[in-house]
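Below is one structure; the comments refer to it alone.
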Amino acid sequence: MRLVEALISALMVAGLYATMSYGLALIYGVMKIINLANAGVMMLSAFTTFFLWQTFGLDPLVSVFLVAPLFFFVGALIEVLFVRRVLNEKPVISLLLLFAILLVMQAGASLFLGGDVRSVRPVYIQEVIRLGDIVIAYNRLLVFVAGVVILVGLETFLRRTFLGRAIRALAQDRDACRLAGIDVRRVSMIAFGIGSGLAGAAGALLTAVFPFDPVTPYATLQLKSFTIIVLGGLESIPGVAAASFVLAAAENLTVALTKPQLENLVSFILLVVVLVVMPGGLASLIRRRRLA
Amino acid sequence: MKGFLDRFSKRGLVIGQVVLVLGLAIAMALIPIVDERSFNLQRITFFLLWYAILASAWNMIGGYAGQISFGHAAYLGMGAYVTGILWSQFKIDPLLTLPFAGIVAAGYAALIGLPTLRLRGPFFAIATIGVGEATRLFFVNFDDIFGVTLTKGVTGISLPTYDPVIVHYATIVVFVLVMLTTMYIRAGRFGLGLFAINMDADAAETAGVPTARLQVIALAVSAFFTASAGSLYAARQQFLDPASMFGFDKSIGTVLMPVVGGLGTVWGPVFGAVLYSSVQDRISSIVNNPYLPALIYGVLLVVIVMFEPLGVAGLLGRGTKYARSLIAPQDGEP
């Protein structure tokens, strides 16, 4: 029974993981850079959500719809001011630049907002749903549903609209897009904005489940999202979703079976194992099956 | 004729730099002899050289090969702990354990590098974020996992005192070794290979450069020197704990110094270390808020990456052609 409960709990967390990782995957797909500032955006968004809750009593699930567009613009601004200028440089440069931006975000938040641990406690935080013997936390279920809605909405946007198709085309071949008359710079900016908006949404959802502070989200969440997109094959929503579940399940089982402190080791070990055994991620595994 | 002159001036440059390193080393070696009670100056010199070792070691993989490591604190802490444990529990002279600590860290680095450096793209950089955190967790939980009392978890270990003057000389020796190594790599085929990987890994591979092997070796050498810095720290300071030795701020510092000083240059990391150690020294005495320096470093890093990717070395190199040839690379940009 504990096993089933751990898996269901993993599924709930996977919604959040998928939301935060897909932004990273989208930006990597379109621009071939790893947005190290992703975790920084999540942290700023978590703070924004916290203050919205504190001052106006807004529920994090409502804040998502305010915070995500806000961080879309923040992301677009970062792209225009910084990332765009180093896109033609070596990959080292963009990596260092985004790392520096993360550093500024973290230090700025710690300096001006204080380094305390905060948490948003909506009225329903204690509520649970019982299905026979299985107990599901109400807030986790809501976060899971919100994550699924966001990802399905995004997938629809990417498949049905012209802009969405342009973004997907850009992920496939930048030069061909230029030849086809797509405004590559504008679409890149929008893609970076959407990626940051997703990180913003994830940051808002995060507050409903976990406590947070300005620095902690960095190492662990950044590494988790990277493990997920490597495992998920870098560019597909179903891959990212499946990988999110795999990681969350591995973490929950580790916590249930061994020591809770080892939770953060899981994502790292999983990352190394994936890089050694199947560098293409889960998607390559499925593809190999299909060919065979 | 021109080729001959080039070769001559190139050799002159190398000799000039070696003389410079040895001159610096002798000057610093004289400090405890001239004034036996210059403890504060000795402390400043130790940390200056210590940071220079860390920065130059990081530069070998991060600057030359362009593989950014955000987890060098793992090797630093590992070196410190190997020496610390052997010194406090088994009474082995810390300076004798230094090469051993270096080799352990180099082996560990190779183990991490083998899967992650094989692949194109930022895999290594991201994996290293985990390396630092995972290694810290491993050392915190070490005693529980193996049922022993060695690392003493988060409380850390206290060490017996050791003669700081001997550590002073040992640090100078390690500094000279790291500088000679970094110049040797820079001047030879090994360095050329790493630069080729930095510029275009696929093209380098096609041209016959064993990209994976060179990078793993560079990482192992880098980890070796980083761990020796850890050993030196354990010999000089009387206390080690996971939060300070494996801390993410240590990793950030090792990235910051070479980038600020001049990525992929021989002297850039030393400039960066001079700046960083003097700022660290001042800041800790003026403000006790640790976030203000972090904010300043972050802004500085953004500015440098955007406008002068070669850092201080790049700025100096703009001045004269001679300075450029001394500091900036001779063969191809890094």
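So that the names make sense, note that chain A is the first sequence line, chain B the second, and so on, each numbered from 1.
- Of the atoms belonging to B:Val140, not a single heavy atom falls under 4.5 Å from chain A.
- For the atom pair A:Leu102 CG and B:Leu301 CG, the distance stands at 11.0 Å (nearest 0.5 Å).
- No side-chain heavy atom of A:Val104 sits under 4.5 Å from any side-chain heavy atom of B:Tyr297.
- Comparing A:Leu111, A:Leu95, A:Leu271, A:Val86 by how many heavy-atom pairs each has under 4.5 Å with chain B, the most go to A:Leu111.
- Within the model, atoms OG of A:Ser267 and CD1 of B:Ile129 stand 11.0 Å from one another, a figure rounded to the nearest 0.5 Å.
- A:Gln106 contributes atom CD, which lies 7.0 Å from atom CD1 of B:Ile252 (distance to the nearest 0.5 angstrom).
- In this structure, B:Glu133 and A:Leu223 have side chains that are not in contact, with every pair of non-hydrogen atoms separated by 4.5 Å or more.
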Step-by-step side-chain contact (heavy atoms from CB on, under 4.5 Å) determination, A:Phe99 to B:Val305 | CA-CA 11 Å; A:Phe99 175 68; B:Val305 169; over 6 Å; no

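- Between A:Gln222 atom CD and B:Ile126 atom CD1 the span is 6.0 Å, to the nearest 0.5 Å.
- For B:Val259, the part lying under 4.5 angstrom from a heavy atom of chain A is the side chain only.
- Interface remark: A:Ile93 contributes backbone and side-chain atoms alike to the contact with chain B (heavy atom separation under 4.5 Å).
- In this structure, CG on B:Leu295 lies 12.5 Å from CE on A:Met105, to the nearest 0.5 angstrom.
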Worked check of side-chain contact (heavy atoms from CB on, under 4.5 Å) between A:Leu36 and B:Phe70 = CA-CA 11 Å; A:Leu36 282 178; B:Phe70 294 112; 3.7 Å; yes

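- Dense packing is recorded around CG of A:Asp116, with more than 12 heavy atoms of other residues, nucleotides or ligands lying under 6.0 Å away.
- Neither the backbone nor the side chain of A:Leu270 comes within less than 4.5 Å of any heavy atom of chain B.
- Comparing A:Ile269, A:Thr227, A:Leu103, A:Ile101 by how many heavy-atom pairs each has under 4.5 Å with chain B, the most go to A:Leu103.
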